Q: 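The structure that follows is given in the form of structure tokens.
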Amino acid sequence: MIVPLRTEADLDRMLTGSQPVLIFKHSTRCPISAAAYRAFRRFAASRPGAARFGVVHVIEQRALSDAIARRLGVQHASPQVLLWHRGTVRWHASHGAIHEAALAAALAGITAAERRGRARPRP
């Protein structure tokens with residue numbers, strides 16, 4: 001399920017927890033954004049438990065979109081996807097770089113890093 005983000009409180013709730021978070025910044029006036037959002041929706045539907053998914057409509061929620069750029073430290077673009085995990089942005093993409101294979105690879109990178117972290121020998 002993709003959760004609409006409308007306020008900074010919504011963003012705070014989305015970023016809380018240990019599960020990876022993918023946030024899509026969508027311009028409702030842009031055909032490139034519409035195509036990227038379709039790919040994002042397909043990806044989210046095909047992997048419902050892999051991450052938490054959020055969307056912000058950048059025209060309608062401009063202040064929130066700007067707050068995301070400031071708080072997460074990634075310059076605004078739309079369309080844009082940000083992958084947040086364990087307190088930091090681990091990956092982001094915009095425009096034509098947003099497609100299902102890229103989203104899958106980004107999440108796979110998080111999963112692989114988690115496995116490596118758990119596999120470290122104890123001191």
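As the structure is a prediction and not an experimental result, all values here were calculated from the model. We number each residue from 1, following the sequence as shown.
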Q: Do Leu15 and Val55 share a hydrophobic cluster (ILVMFWY, side-chain heavy atoms under 4.5 Å, transitive)?
A: no
Q: What distance separates Arg70 CZ from Ser65 OG, expressed to the nearest 0.5 Å?
A: 10.0 Å
Q: Look at the side-chain heavy atoms of Ile, Leu, Val, Met, Phe, Trp and Tyr, link any pair under 4.5 Å apart, and say whether Met1 and Met14 land in one connected group.
A: yes
Q: Would you say the side chain of Val3 lies within less than 4.5 Å of the side chain of Arg52, judging by non-hydrogen atoms?
A: no
Q: Output yes when a side-chain donor or acceptor of Ser33 lies under 3.5 Å from a complementary backbone atom of Ser27, and no otherwise.
A: yes
Q: Can you tell me if CZ on Arg71 sees more than 12 non-hydrogen neighbours from other groups inside 6.0 Å?
A: yes
Q: Can you check whether Gln61 reaches Leu5 side chain to side chain, under 4.5 Å on heavy atoms?
A: no
Q: What about Leu107 and Ile2, same hydrophobic cluster or not, with Ile/Leu/Val/Met/Phe/Trp/Tyr joined at side-chain heavy-atom distances under 4.5 Å?
A: yes
Q: Do Ile23 and Val81 come within less than 4.5 Å of each other through their side chains, counting heavy atoms only?
A: no
Q: Do any pairs count as a ring pair (Phe, Tyr, Trp, His ring centres under 6.0 Å) and have a residue in residues 72-103, sequence neighbours left out, and if so which ones?
A: none
Q: Decide whether Leu72 and Leu83 are clustered together by the hydrophobic rule: side chain heavy atoms of Ile, Leu, Val, Met, Phe, Trp, Tyr closer than 4.5 Å, transitively.
A: no
Q: Taking the side chain from Asp66 and the backbone from Ala63, do they hold a donor-acceptor pair closer than 3.5 Å?
A: no
Q: What is the minimum heavy-atom distance between Asp10 and Pro4, and which atoms define it?
A: OD2-O, 4.1 Å
Q: Under the 3.5 angstrom rule, does the side chain of Arg6 hit a backbone N or O of His57 as a donor-acceptor pair?
A: no
Q: Before you tell me yes or no, could you show the steps for Phe43 and Leu22 under side-chain contact (heavy atoms from CB on, under 4.5 Å), namely the whole-Å CA-CA distance, both residues' side-chain angles and the distance that decides it to 0.1 Å?
A: CA-CA 11 Å; Phe43 181 79; Leu22 283 161; 3.9 Å; yes
Q: Considering residues at least two apart in sequence or located in another chain, which fulfil the ring pair (Phe, Tyr, Trp, His ring centres under 6.0 Å) criterion with Phe24?
A: His26, Tyr37, Phe40
Q: Roughly how far, to the nearest 0.5 Å, is the OG atom of Ser94 from the CD atom of Gln75?
A: 9.5 Å
Q: Check whether more than 12 heavy atoms from other residues, nucleotides or ligands sit under 6.0 Å from atom CD1 of Ile32, and answer yes or no.
A: no
Q: Using the rule given for side-chain contact (heavy atoms from CB on, under 4.5 Å), can you reason through Leu64 versus Leu11, listing the C-alpha separation, both sets of side-chain angles and the distance that settles it, and then say yes or no?
A: CA-CA 8 Å; Leu64 178 58; Leu11 177 64; 4.2 Å; yes
Q: What are the two closest heavy atoms between Lys25 and Ala77, and how far apart are they?
A: CB-O, 4.1 Å
Q: Is there a continuous path of hydrophobic side-chain contacts, each under 4.5 Å between heavy atoms, that joins Leu82 to Val21?
A: yes
Q: Is Thr16 reaching over with its side chain to a backbone N or O of Asp12, donor-acceptor style, under 3.5 angstrom?
A: yes
Q: Could I get the full list of side-chain hydrogen bond (donor to acceptor under 3.5 Å, both in side chains) partners for Thr28, not counting sequence neighbours?
A: Glu60
